[in-house]
Amino acid sequence: MSRNILLKRRAVLTGIAGLAAQGALANVPVSPIPTPRPSAPPPRDLAALTRALIADVGLSGEVACVMADAQTGQPLVVIQPDLLLPPASVTKAVTAAYAYDTLGPGYRFATRVLGTGPMRDGVLHGDLVLAGGGDPGLDTVGLAQLAADLKAIGLHEVKGRLLIWSAALPLIPEIAPDQPDHLGYNPSVSGLNLNYNRVHFEWRQQGADYQVTMDARVGTLRPRTGHARVQLAARSLPVYAHRTDADTGYEHWSVARPALGTGGARWLPVRDSGLYAGDVFRTLLRAEGLVLPAAKRITLLPEGQTLASRISAPLYDIARGMLKYSTNLTAEVLGLEASAHLNGAPLSDLPSSGAAMTNWAKAHLGMTQSQFVDHSGLGDGSRTTTRDLCSALLLQGREGALKSSLKNIALRQDDGTATPLSLSAKTGTLNFVSALAGHIAPRAGPGMIFAILTADMARRAAIAPDDRENPAGSQSWTRRSRRMQYNLVRLWSGVPLA
């Protein structure tokens with residue numbers, strides 16, 4: 001670790017007890033003639049006020065927070081700074097820093113279509129290969145453009161097969177195996193991703209029956225997919241059940257008919273994103289006049305000429321979107337890609353990649369107590385402290401890529417007027433877990449860095465598996481925690497509480 005990092009890290013680790021140790025007369029001006037002066041208002045005891053606010057809320061579980069000067073790292077409020085709690089989606093801020101440092105803000109992902117043989121008179125004498133480069137933002141529109149580009153170069157027949165290569169990153173069927181099967185924010189991850197690896201399920205009642213569809217819709221494009229299929233079942237629970245056909249790789253959903261009502265729609269996760277993308281690409285090729293058999297997976301990328309390609313947005317833009325919308329798929333791709341770059345080859349699973357990010361964060365961000373099991377914060381095993389998070393924010397700097405990537409959160413007073421401060425931060429939410437960390441820029445006074453972690457681990461552990469999507473009491477607990485967090489930001493900034 002460099003001397004500069006050590007010095008900055010020490011600003012957060014030390015000096016906590018020294019905030020009140022300055023001499024009471026250190027700044028008294030010297031005057032030859034004593035003159036009466038108006039009494040200065042006593043300084044605010046932010047630590048005491050913070051503890052009082054937390055006590056008034058009466059949130060069950062634990063609350064930990066650190067607030068420090070953003071330039072010097074001097075801690076101003078310190079409450080349980082070393083308490084290890086889940087960071088939830090605040091993990092994504094660490095992931096963004098990891099990707100920026102390892103890959104660079106200008107890094108781009110490439111999705112290519114290769115031909116393994118010569119192309120003569122519009123006929124490809126070989127296989128057509130859809131080769132994923134890990135792009136987390138690839139969608140149906142992007143695949144449709146690739147299909148149109150093939151038509152534009154005159155390709156109208158393929159003598160070989162349609163192949164997919166998704167091994168640029170490992171195939172991970174789901175980010176957090178302990179989550180319910182049907183949650184769209186817990187999809188698969190691989191080197192070939194599509195629509196954040198979700199399929200759109202829609203149902204409409206028609207008489208005594210239902211019309212159901214599964215498609216890869218984006219905008220006006222709605223290609224049906226045969227990879228993910230659905231049937232209705234005469235049961236009450238579970239509402240959703242999932243299985244994968246071992247021979248074909250097709251994913252079969254069954255849905256409890258009594259739960260459907262008159263109609264609705266939702267996004268369901270895909271467990272094999274490569275086969276899903278290949279199936280949709282085949283449908284889009286057919287629309288351009290290219291009829292091919294079902295896509296087959298290959299593990300080794302063959303040599304061939306690039307017939308069409310799609311280059312992603314720069315990593316900086318991808319990471320900003322991830323932090324704004326908290327997309328788990330994007331976080332896992334960025335973390336896996338950064339770990340693969342450091343390792344020289346893709347790592348086999350998320351815990352291995354999370355461990356690589358943990359080691360990097362210890363060396364580069366001074367996060368000596370933290371442990372990450374993934375890059376999105378969805379996994380239940382990640383832990384961090386408010387001291388570690390403030391160390392990371394301090395070492396990333398007030399002008400760095402991470403600071404400018406964080407979402408600007410507009411706080412409002414009860415009368416609807418804007419709170420006189422700028423808040424750039426990342427939120428995080430799991431059942432009975434809520435976190436907030438980032439930068440505060442008051443209209444007057446120095447900027448601040450802060451981290452707040454709250455969790456009721458006992459209530460979280462007591463959630464039954466079937467209740468994990470929306471356990472009783474979790475939403476109201478989260479609302480109270482978030483309101484407390486924002487009121488702490490207001491308190492520290494010297495503005496009225498909401």
Side-chain angles (χ1 to χ4, degrees), residues 11-27 38-83 85 90 385-391 393-394 398 409-415 417-428 433-456 477-498:
V12 174
L13 291 174
T14 63
I16 294 173
L19 296 177
Q22 299 175 2
L25 302 179
N27 295 316
S39 300
R44 294 193 310 155
D45 187 341
L46 284 179
L49 292 171
T50 297
R51 292 183 184 277
L53 191 156
I54 293 171
D56 286 344
V57 173
L59 191 71
S60 66
E62 300 282 358
V63 177
C65 61
V66 170
M67 187 271 284
D69 185 289
Q71 183 171 2
T72 66
Q74 175 75 10
L76 303 176
V77 173
V78 180
I79 296 174
Q80 300 200 95
D82 299 311
L83 181 63
L85 292 173
V90 172
T385 68
T386 52
R387 190 193 302 272
D388 272 6
L389 288 172
C390 279
S391 174
L393 291 167
L394 177 68
R398 295 179 297 165
I409 300 175
L411 298 186
R412 296 283 175 182
Q413 300 297 90
D414 286 340
D415 61 2
T417 60
T419 301
L421 60 88
S422 174
L423 175 62
S424 302
K426 181 70 189 81
T427 60
V433 172
S434 180
L436 183 71
H439 292 255
I440 308 169
R443 288 187 181 174
M448 295 167 271
I449 54 174
F450 76 97
I452 308 168
L453 297 175
T454 66
D456 189 333
W477 185 94
T478 299
R479 284 194 295 269
R480 290 174 63 210
S481 175
R482 188 70 72 212
R483 183 176 179 86
M484 179 192 71
Q485 291 164 9
Y486 289 150
N487 274 338
L488 286 174
V489 169
R490 292 182 175 95
L491 170 68
W492 297 335
S493 303
V495 299
L497 303 185

If we ignore hydrogens and angles and just use 3.5 Å, is the side chain of [X] paired with the main-chain N or O of [Y] as donor and acceptor?
| X | Y | result |
| --- | --- | --- |
| Trp477 | Ser434 | no |
| Thr419 | Leu411 | yes |
| Arg480 | Gly58 | yes |
| Gln71 | Gly447 | no |

**Message:** Testing Val489, Leu393, Ile440 one by one against Met448 for a side chain to side chain contact (heavy atoms under 4.5 Å, CB included), which residue passes?
**Reply:** Ile440
Contact check, side chains of [X] and [Y], non-hydrogen atoms, under 4.5 Å:
| X | Y | answer |
| --- | --- | --- |
| Leu59 | Ile54 | no |
| Tyr486 | Ile409 | yes |
| Gln485 | Arg482 | yes |
| Trp492 | Leu49 | no |
| Leu83 | Leu453 | no |
| Leu491 | Thr50 | yes |
| Met484 | Thr454 | yes |

Looking at [X] and [Y], what are the two nearest heavy atoms and their distance?
| X | Y | answer |
| --- | --- | --- |
| Leu421 | Pro442 | CB-CA, 4.1 Å |
| Val495 | Pro420 | CG1-CG, 3.3 Å |
| Ala435 | Val90 | CB-CG2, 3.6 Å |
| Pro81 | Thr385 | O-CB, 3.2 Å |
| Ser60 | Asp456 | OG-OD2, 2.6 Å |
| Leu394 | Thr72 | CD1-C, 4.4 Å |

Could you state the interatomic distance from [atom1] ([X]) to [atom2] ([Y]), rounded to the nearest 0.5 Å?
| X | Y | atom1 | atom2 | result |
| --- | --- | --- | --- | --- |
| Gln80 | Leu85 | CD | CG | 8.0 Å |
| Leu436 | Leu389 | CG | CG | 10.5 Å |
| Met67 | Ser493 | CE | OG | 8.0 Å |
| Arg483 | Thr478 | CZ | OG1 | 15.0 Å |
| Ile452 | Cys390 | CD1 | SG | 9.5 Å |

